[in-house]
Amino acid sequence: DTGVSQDPRHKITKRGQNVTFRCDPISEHNRLYWYRQTLGQGPEFLTYFQNEAQLEKSRLLSDRFSAERPKGSFSTLEIQRTEQGDSAMYLCASSYRQVTDTQYFGPGTRLTVL
Amino acid sequence: GQQVMQIPQYQHVQEGEDFTTYCNSSTTLSNIQWYKQRPGGHPVFLIQLVKSGEVKKQKRLTFQFGEAKKNSSLHITATQTTDVGTYFCAGYLGGNQFYFGTGTSLTVIP
């Protein structure tokens, strides 16, 4: 399968713990996006990479959140000192080159913070 | 604040009835994309509209972009149970991101 993959698919953690999610985009895609989606809402933009460069971050992304895309391939999203309000589906998407190119979403990582 | 609004939030239809969801922006959009998310799934791209007044069709689905490029609609003719899911519009205002609407959840009653 050459689609976008995410790992893990589910994560349950206790408040205050750190968690890290991984996204593997489609191999030839330069753009990679992270979104957060809560029940009944559309995906909310968190951050965006063009190759290895993180070019934009949402105001939603507090200093507890950090994302990397070393070598412009896979990406990781880390949440430090998790809070119950962080519980959500975290979606990764990739697209070829232009911002208006089709975004291909991964299956998401569902985070539950107890 | 919310850039792109979508109505209705929920819609229940009998199989065979038509369905329409509307997307509105207070700001002129450059492009608009539509996605479908099946229950438990992830968003899947359906189409992109770019031109003012553009209309595109995909089988039973008809997509329109308003003349002022501030609104868009998705119309499904003769719904089927396979149409179940949440339909999202995503508007592009320039920059590096699309703004997703809140979605319309469609339930089709057999």
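Numbers restart at 1 for each chain; the letters A, B, ... are given by sequence-line order, proteins then strands.
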Between A:Y33 and B:F98, does the ring centroid distance fall short of 6.0 Å? no
Given a strict heavy-atom distance threshold of 4.5 Å, which part of B:N96 is in contact with chain A: side chain, backbone, both, or neither? both
Portion of A:R110 that has a non-hydrogen atom of chain B nearer than 4.5 angstrom: neither
Please classify the contact between B:Y10 and chain A as side chain, backbone, both or neither, with a heavy-atom cut-off of under 4.5 Å. neither
Can you tell me if A:R64 has over 12 outside heavy atoms packed within less than 6.0 Å of its CZ? yes
B:F100 and A:F45 aromatic centres sub-6.0 Å: no
Do you reckon A:F21 sits in the same ILVMFWY cluster as A:F74, going by side-chain contacts under 4.5 Å, direct or chained? no
Rounded at 0.5 Å granularity, tell me how far CG in A:L91 sits from CD in B:Q37. 6.5 Å
Roughly how far, to the nearest 0.5 Å, is OG1 of B:T86 from CD of A:Q37? 8.0 Å
Does OH belonging to B:Y22 count more than 12 external heavy atoms closer than 6.0 Å? no
Part of A:E44 within contact of chain B (heavy atom distance under 4.5 Å): neither
With only heavy atoms counted, which part of B:Q6 is less than 4.5 Å from chain A, the side chain, the backbone, both or neither? neither
Are there over 12 heavy-atom neighbours, none belonging to A:E78, within less than 6.0 Å of that residue's CD? yes
Going by atom types alone, do B:Q33 and A:Q103 pair a side-chain donor with an acceptor below 3.5 Å? no
Interface residues of residues 39-62 of chain B facing chain A - heavy atom cut-off under 4.5 Å: B:H42, B:P43, B:F45, B:Q48
With clusters defined by side-chain heavy atoms of hydrophobic residues (ILVMFWY) lying less than 4.5 Å apart, directly or transitively, does A:Y35 cluster with A:L55? yes
Please check if atom CG in A:L114 has more than 12 non-hydrogen atoms from other residues, nucleotides or ligands closer than 6.0 Å. yes
Quick check on the hydrophobic clustering: are B:F88 and A:V99 connected, directly or via other members, by side-chain heavy-atom contacts under 4.5 Å? yes
Please flag which part of A:Y104 lies under 4.5 Å from any non-hydrogen atom of chain B: side chain, backbone, both or neither. neither
